[in-house]
Amino acid sequence: MSATATTHDWYQTNVPPPSDPAADPRPQWVRTIAQKLEVQVPVDMHLTRNYDDSGSEGSESGSEDEDEDGDLDLDGDFDSFAEEGDANGSAGATVLDIPEIHPHRYRLHGLALSPGGGVTAVLASTHSTQRPERGGWHTVRSSVLFGYKPRRKRQPRRGPCSGQHDTGAPPIDPQVMDSLTTATPAPAERTGQYDRLTTEAKLFEYLYGGGPEVPGVHYPSPAAAAARAANSDAVTGAELRDVFGPALAAQKCDLCGAAMDVRKGALSGCRNGHFFGTCATSGLAVQTPGATRSCGACGLRTMRAEVLLAKIPKQESGGGDDRREEVRRLLGEGVCGACGGKFLS
Amino acid sequence: MSTVISKPNKQKFLPLREITVNSRPLVKRAIQFSCDGDLAVTADDSVHIFIPEFPDFSRRRERLKARSTDQQDEVGANRNWPIDHESSEDDDDEDDGGPRSYNHQATRAQYSEGSKHMPVSFPPLDPRVNRELFAAQNIPFPYEGAVDVEGQDADSNDDSDGSDDAYDSQDEEDQGTGLGSNRPYGAGYGPITGVGSSMNHVVGIGWSPSGLGVNRRPILGVLTGSGTLAMFGDGSESANILPRANEGMLQRRELNSWIVLWGVGERLIVPGQQTEVSEYIRGFAWAREIAPGQALLATINDLNEVAIISVQCVLVADEDKGQGDSAFRAGPRENVVWLVREVSRFKAEGPHKDTNQLDPDWVPFGTSFGLRWGPWLHTGGSHTCVLSFMDRGYVGFRKVTIKDTWVRGESPSLEVGSEDTHGICVHLSTDAFLEFEDAVGRRPVPSARCLLC
């Protein structure tokens, strides 16, 4: 699809306009392209100066010598324009009659919507309206342009650890949600749409799509993992933590043997001052190098599944192999215990 | 406190700015977001991948956590946190970074680092990329003869083991210099593509649903002009992150470990497919997310045969791992095994016969974007959706059901309708497309909406 200066309706949308009539409803990339399309230059300036950066020839005289076909035609046009100007114009006012042209047009190669629907990305390339394109693969360029929403203002929350995102406001971009409402009118399904996003997508949506803050990433939320697991299974993330309760109470410092009962920020340590990082899923101290995986969305570390399984107390596993299997499956799913994000390694 | 609010908000986050790439695609729909905000952009013969970089909120989390423990009782009395309180905290956070981090961030934008420009056209995919798929299911690899000569010139292979497919016989006749056995030949039954390959430009890209690949990351399918579909994604290597994060940012993924995982198409057969059949893949589509590590892939070839391929990624514990769990081990303990199998194939035909091209009424038709999966409808233990396809002047919808719970590592019990549940006769131009809305309307009957263009 092409966007040119003469096609005024090249951007069309069925997204309802925003409530604020003063705001420009068009995404940023539409505005950028529209601005470039509106550029007008006098035709003689365009022809002599190589106004568009796609041309590689230097001055007019040089190009006359080198390329006969292209520039001769263009010069012919220019001469005819000039003659026309002389014929029509009154005495000496030929400058006014030089027509102005739009030197740019755009071709749009694709439009993508972010997983949460708040960000649009378009792949576009700019072309000259006046001369055929020369060059090959080494000269072509295209641009990825974005349309994004401002970040939400910080909203007052009911306690930092509540783990509930506000359900009053639509979680996804309201414009997109409005267009979805005809198909899924139930508010429960609206939030369902948002909850199905990955943590990374929610974070991306917060950063650029006007989405809400992400539990587990913006504020500590033990319920995040639970919410992640709840749609698939009975054993929730909170229960998962309970499994490690006995191990948490009984863990000893590997260096001195003292009980690990001191918490200092993200660290847990013993009373002799040996501090270790804390596993986000179990709350245990990470006392073995190379035993953790770090999350790409919140940065916290979680111990590897097999290490965690070994830490489950034996009496707990004796309670039922099913439960152990369940825990193994949950752990093996490989998401961060704090935010449900994906691991980097 | 009001001065704090009026203070200009420093840009802590990377802005989204225009990205210029040194390429231009030859096809439409050349850009796609993954489920995690990764961006794939096609060029003519390559694909750009952009990986987002996320800010680090750990200090803010710690502050909130500390406050919640300190002021546990106050939370009950003062339910609403004042806005200015929070913003002051955040400004403190940003001020801690100092001017250095601010200047550093000012020159950067999202996606400005960590992109990868992957050539996908040349060299053409070696059939041996699929060898592990066969090994994982204990099926003999049909191109074993080509594998034996690994390391030496594949053209000297004398086919002593009796692999009589076209791949090897052509291989002996045309000896491309430096190309070996991988020279792109025609595939399928098209008048041109059947006998020779194009420059192998990128035709389409498609991110898999979330949770399929290593670390539950999506993988990227790239369909090229020679009719082969290659899957790119993280290999099982673990060293794919930055050694050190940028200031105020989390560690970002690196795409160093991205490899071709496997492929589908001519000479890139997957288990369950026939070696004797020539196949030129014209379009493909990923089903929407089913479960972690499980996905369905549909391909359509130039004979309008739709193949449904079950794709699974399972982690198999490393056999030679140490017994003691407290031992110092840094490497990955699990091997990634891809279980890929064609589970169903049907002819996707409309009622309109293809007329002679010399007929004055003949209009060109052909699209790579007609094959799409609808949203899944969960009823009991089964998943149901519709798969759309396009033939000349016809859009068909076929019902696909996963009957029982799909246990990871096993083949799905897939049921594909024997005829179309719905069909529309409509004029379709070249590059016609269809997109489903990702929602199932439940009233009055389960229904999905799609856009046809």
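Values reported hereafter were calculated over all heavy atoms of this structure, with side chains retained and with hydrogens, waters and symmetry mates removed. Order of the sequence lines sets the chain letters (A, B, ...), proteins ahead of strands, with each chain counted from 1.
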Interface moiety of A:Leu207 toward chain B, non-hydrogen atoms closer than 4.5 Å: side chain
Counterpart residues, ring-ring contact (aromatic ring centres under 6.0 Å, His included), relative to A:Tyr208 (two or more places apart): A:Phe204
Contact winner vs chain A - B:Asp45, B:Leu16, B:Asp438, heavy-atom pairs under 4.5 Å: B:Leu16
Under the ring-ring contact (aromatic ring centres under 6.0 Å, His included) test, residues paired with B:Phe369 that sit two or more places apart: none
Test salt bridge (charged side-chain N to carboxylate O under 4.0 Å, His left out) applied to B:Arg24 and B:Asp44, step by step: CA-CA 6 Å; B:Arg24 191 179 296 161; B:Asp44 44 2; over 6 Å; no
Residue part contacting chain A, namely of B:Glu18, when any heavy atom lies under 4.5 Å: both
Short side-chain donor-acceptor distance under 3.5 Å, A:His109 and A:Ser125: yes
Donor on one side chain, acceptor on other, A:Glu205 and A:Ser114, under 3.5 Å: yes
Heavy-atom pair count under 4.5 Å with chain A, highest-scoring of B:Ser447, B:Pro292, B:Ala30, B:Ser23: B:Ser23
Within residues 33-42 of chain B, residues adjacent to chain A where the heavy-atom gap is under 4.5 Å: B:Phe33, B:Ser34, B:Cys35, B:Asp36, B:Gly37, B:Leu39, B:Val41, B:Thr42
Best-contacting candidate, A:Phe343, A:Phe146, A:Trp29, against chain B by heavy atom pairs under 4.5 angstrom: A:Phe146
Partners meeting side-chain hydrogen bond (donor to acceptor under 3.5 Å, both in side chains) with B:Arg29 (sequence neighbours left out): B:Glu435
Residues B:Arg60, B:Glu62: salt bridge by 4.0 Å N-O rule: no
A:His218 ring center near A:Tyr206 ring center (under 6.0 Å): yes
Interchain contact, B:Asn22 with chain A, by part (heavy-atom threshold 4.5 Å): both
Side-chain donor-acceptor pair present, A:Thr199, A:Lys342, cut-off under 3.5 Å: no
Which atoms of A:Val122 approach chain B - backbone, side chain, both or neither, heavy atom under 4.5 Å: backbone
